[in-house]
Amino acid sequence: MSELSPNIIEQSERWWAYVVAGVIGLVFAVIIYSSLHLAAQPPSNVETIDASRLHLAGEFVEENLGTAVQPDGSVVVRVIAQQYSFVPSCIVVPTKTPVVFRVTSPDVVHGFLIMDTNVNSMVVPGFIAEIRTRFDHTGEHLMPCHEYCSVGHEGMWAHVKVVDRQEFTKSYGSQPRASCAG
Ligand code: CUA
């Protein structure tokens, strides 16, 4: 029995070394898969804005909110998250097009989440949350605020409507800022 012990110890240690190496390998595989294949997004850029003057001047004045088609065909969607609504309350975007969301808040921290997509960001007053994405399929997504922002939080949500690229151009192409809010 005493002759076998060093062997057993060595075997056991080798086995555990394989287990640890396997776990580390698995963690790396998950990181690489989620960052490349699932395109998990890094935290937003750090871009500041004067939260007290949003509605007075600059990028987030009311007529500038909604979906704007850029000269290169991509779209920029500017949204304000405020107690207790999103403006616009219905966002329309075309399929198969690069989409940049630019979102900010005049009051407290809100959440920006588009259900069934990987779009998920905090919206912090004084900062602009910028999220780049793309929608390959038409459909409607619920967009709830998912950061507790006081008593009206649970009623704070909007819709994102993804329409076919050609239909978007036909229905909304002539508007400088598109939205499906009634
Ligand atoms: Cu806004 Cu919760």
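Counting convention: from 1, in listed order, for ligands and their atoms alike.
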- [ ] Please confirm whether the backbone N or O of Gln70 pairs with a side-chain atom of Ser74, one donor and one acceptor, at under 3.5 Å?
- [x] no
Open item on the list: Can you confirm whether more than 12 heavy atoms, excluding those of Arg134, are under 6.0 Å from its CZ atom?
Closed with: yes
Task: Any pair counted as salt bridge (charged side-chain N to carboxylate O under 4.0 Å, His left out), so long as it reaches residues 96-105, sequence neighbours left out - done: Glu47-Arg102, Glu59-Arg102, Arg102-Glu130
TODO: Using atom types as modelled and distance alone, determine if a side-chain donor or acceptor of Thr97 lies under 3.5 Å from a backbone N or O of Thr95.
DONE: yes
TODO: May I ask you to list the protein N, O or S atoms found at less than 2.8 Å from atom 1 (Cu) of ligand 1?
DONE: His110 ND1, Cys145 SG, Cys149 SG, Met156 SD
Open item on the list: Working note: Thr67 + Tyr172, criterion side-chain contact (heavy atoms from CB on, under 4.5 Å); need CA distance, chi angles, decisive distance, verdict.
Closed with: CA-CA 9 Å; Thr67 307; Tyr172 302 98; over 6 Å; no
Open item on the list: Using modelled atom types and a 3.5 Å cut-off, is there a donor and acceptor pairing between side-chain atoms of Glu147 and backbone atoms of Cys145?
Closed with: no
